[in-house]
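Below: one structure, written as structure tokens.
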Amino acid sequence: MSNAAKISAECLTPILYVRDFAEAMNYYTKKLLFDRLWEWGNPPDFGAVRLDKVEIFFCLGGQGHPGTWLSIFVDDVDDYLERITRLGAEVIQGPTDYPWGCREVHVRDPNQHVIRFSQGIPMREPKMEIERVPFETRIEKRLAALMGDLARHKNMTVGEMLEETFLHTFEKVPRGGVASPHTEKTLAYIQELKGKHGIDYDTHASYRFVEKTSTG
């Protein structure tokens with residue numbers, strides 16, 4: 001078995017029991033903003049909807065039971081919540097920030113299935129006491145204006161945003177995401193520099209930074 005070829009799997013698609021096929025299709029497309037993909041049967045008793053890259057199958061009266069829970073990650077939970085609330089979706093909880101690093105809303109459909117729509121958020125505890133120092137630099141004018149607007153959008157100072165961005169460039173992303181601008185040789189050297197300067201915190205530590213209080 002150790003020499004067997006690696007098993008290939010592409011995706012996981014949940015199949016939800018529905019009591020009324022048209023009701024389920026209408027709820028997901030008109031209230032949760034999914035797209036209708038396809039239907040099977042006449043009248044249809046099996047079909048699919050999609051939200052961006054996430055697909056869900058519906059089966060009329062079978063292949064499951066009412067009350068299944070699903071988890072779907074979205075870019076902006078609050079924006080999604082605002083839009084589906086206006087359309088009449090049944091929101092039963094949230095938005096809530098959880099200690100495992102997610103902001104979630106829970107939505108129930110007509111078949112008592114619950115979807116946890118989640119957005120990843122940075123961990124902000126425990127706080128990490130740091131000391132900031134002035135660092136003089138010159139930034140291209142248009143880029144500086146963009147940085148200021150972006151920092152305001154993220155509710156950060158420009159310095160906090162630069163700390164966040166800078167730390168993230170230290171980390172390679174194995175699957176997708178934005179690649180580090182550094183070569184493998186430079187990344188190895190950065191690890192030496194982190195040891196030299198006592199940087200023993202991880203990439204996301206900047207979200208936990210808190211200024212040292214002066215003792216005087």
Side-chain angles (χ1 to χ4, degrees), residues 1-25 27-29 31-77 80 84 89 92-123 167-188 190-191 201-205 207:
M1 288 297 292
S2 60
N3 295 324
K6 183 178 179 180
I7 297 172
S8 174
E10 294 184 355
C11 64
L12 171 67
T13 305
I15 304 176
L16 298 182
Y17 160 96
V18 298
R19 66 188 181 189
D20 182 311
F21 188 83
E23 175 190 50
M25 273 288 184
Y27 187 85
Y28 277 77
T29 57
K31 298 186 186 299
L32 299 184
L33 300 173
F34 282 67
D35 296 320
R36 185 187 303 258
L37 282 187
W38 52 265
E39 299 175 353
W40 179 266
N42 187 23
D45 58 6
F46 202 86
V49 293
R50 178 174 62 198
L51 184 66
D52 194 20
K53 299 179 180 65
V54 174
E55 293 186 13
I56 298 176
F57 290 174
F58 297 143
C59 181
L60 180 63
Q63 297 194 22
H65 303 279
T68 299
W69 282 61
L70 306 177
S71 177
I72 297 176
F73 277 79
V74 295
D75 285 341
D76 190 333
V77 159
Y80 183 68
I84 65 173
I92 58 175
Q93 184 175 319
T96 304
D97 292 347
Y98 289 99
W100 50 82
C102 288
R103 181 169 176 81
E104 295 185 1
V105 295
H106 296 179
V107 178
R108 183 158 49 212
D109 77 2
N111 295 284
Q112 304 305 303
H113 303 308
V114 175
I115 306 178
R116 295 168 53 169
F117 289 100
S118 303
Q119 172 187 347
I121 56 175
M123 305 293 283
L167 283 171
H168 275 276
T169 70
F170 289 172
E171 185 176 273
K172 291 190 294 184
V173 183
R175 297 188 302 272
V178 178
S180 169
H182 306 301
T183 64
E184 292 286 343
K185 182 177 181 180
T186 301
L187 284 167
I190 286 172
Q191 296 308 309
Y201 44 80
D202 63 21
T203 300
H204 300 277
Y207 300 108

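What you see is a predicted model, and the numbers here were worked out from it, not measured in a lab. Numbering starts at 1 and runs along the sequence shown.
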W38 atom CH2: more than 12 heavy-atom contacts under 6.0 Å = yes
Which heavy atom in I56 sits nearest to a heavy atom in F58, and how many Å separate them?
-> CG2-CE2, 3.9 Å
Indicate the atoms forming the closest heavy-atom contact of P44 with E39, along with that distance.
-> CG-OE1, 3.5 Å
Measure the CD1-CG distance between I121 and D97 for me, rounded to the nearest 0.5 Å.
-> 4.0 Å
Would you tell me whether Y28 and D109 have side-chain atoms, one donor and one acceptor, within less than 3.5 Å of each other?
-> yes
Are any side-chain N or O atoms of D45 and backbone N or O atoms of F21, one a donor and one an acceptor, separated by less than 3.5 Å?
-> no
To the nearest 0.5 Å, atom CZ of R116 lies from atom CD1 of I92 at 11.0 Å
Would a distance-only check, ignoring hydrogens and angles, find a side-chain to backbone donor-acceptor pair under 3.5 Å from H113 to T68?
-> yes
Nearest atoms (heavy-atom pairs only) where P110 meets Y27 = CD-CG, 3.5 Å
Pairwise distance CZ(F73) to CG(D52) - rounded to 0.5 angstrom | 14.5 Å
Using distance alone, with no hydrogens and no angle criterion, decide if E104 and S118 have a side-chain donor and acceptor under 3.5 Å apart.
-> yes
Does a side-chain heavy-atom distance below 4.5 Å link Q63 with F57?
-> no
I84 versus V107: any side-chain heavy-atom pair under 4.5 Å?
-> yes
Rounded to the nearest 0.5 Å, what separation is found between the CG atom of D76 and the CZ atom of R103?
-> 9.0 Å
Distance, nearest 0.5 Å, that separates CG of L187 from NZ of K185 | 13.0 Å
Might you point out which heavy atoms bring T29 and R36 nearest each other, and give the distance in Å?
-> CG2-N, 3.8 Å
Mark yes or no for whether Q93, through its side chain, and H106, through its backbone, hold a donor-acceptor pair below 3.5 Å.
-> no
Hey, what do you get for CH2 (W69) to CD1 (I115), rounding to the nearest 0.5 Å?
-> 11.0 Å
May I ask you to decide if L32's main-chain N or O and Y80's side chain share a donor-acceptor pair within less than 3.5 Å?
-> yes
Any chance you could lay out the side-chain contact (heavy atoms from CB on, under 4.5 Å) test for L16 and L70, step after step, and finish with the verdict?
-> CA-CA 10 Å; L16 298 182; L70 306 177; 4.0 Å; yes
For N111 and R19, the nearest pair of non-hydrogen atoms, with its separation, is OD1-N, 2.7 Å
Taking all non-hydrogen atoms of both residues into account, name the closest pair between V77 and P95 and its distance.
-> CG1-CB, 4.4 Å
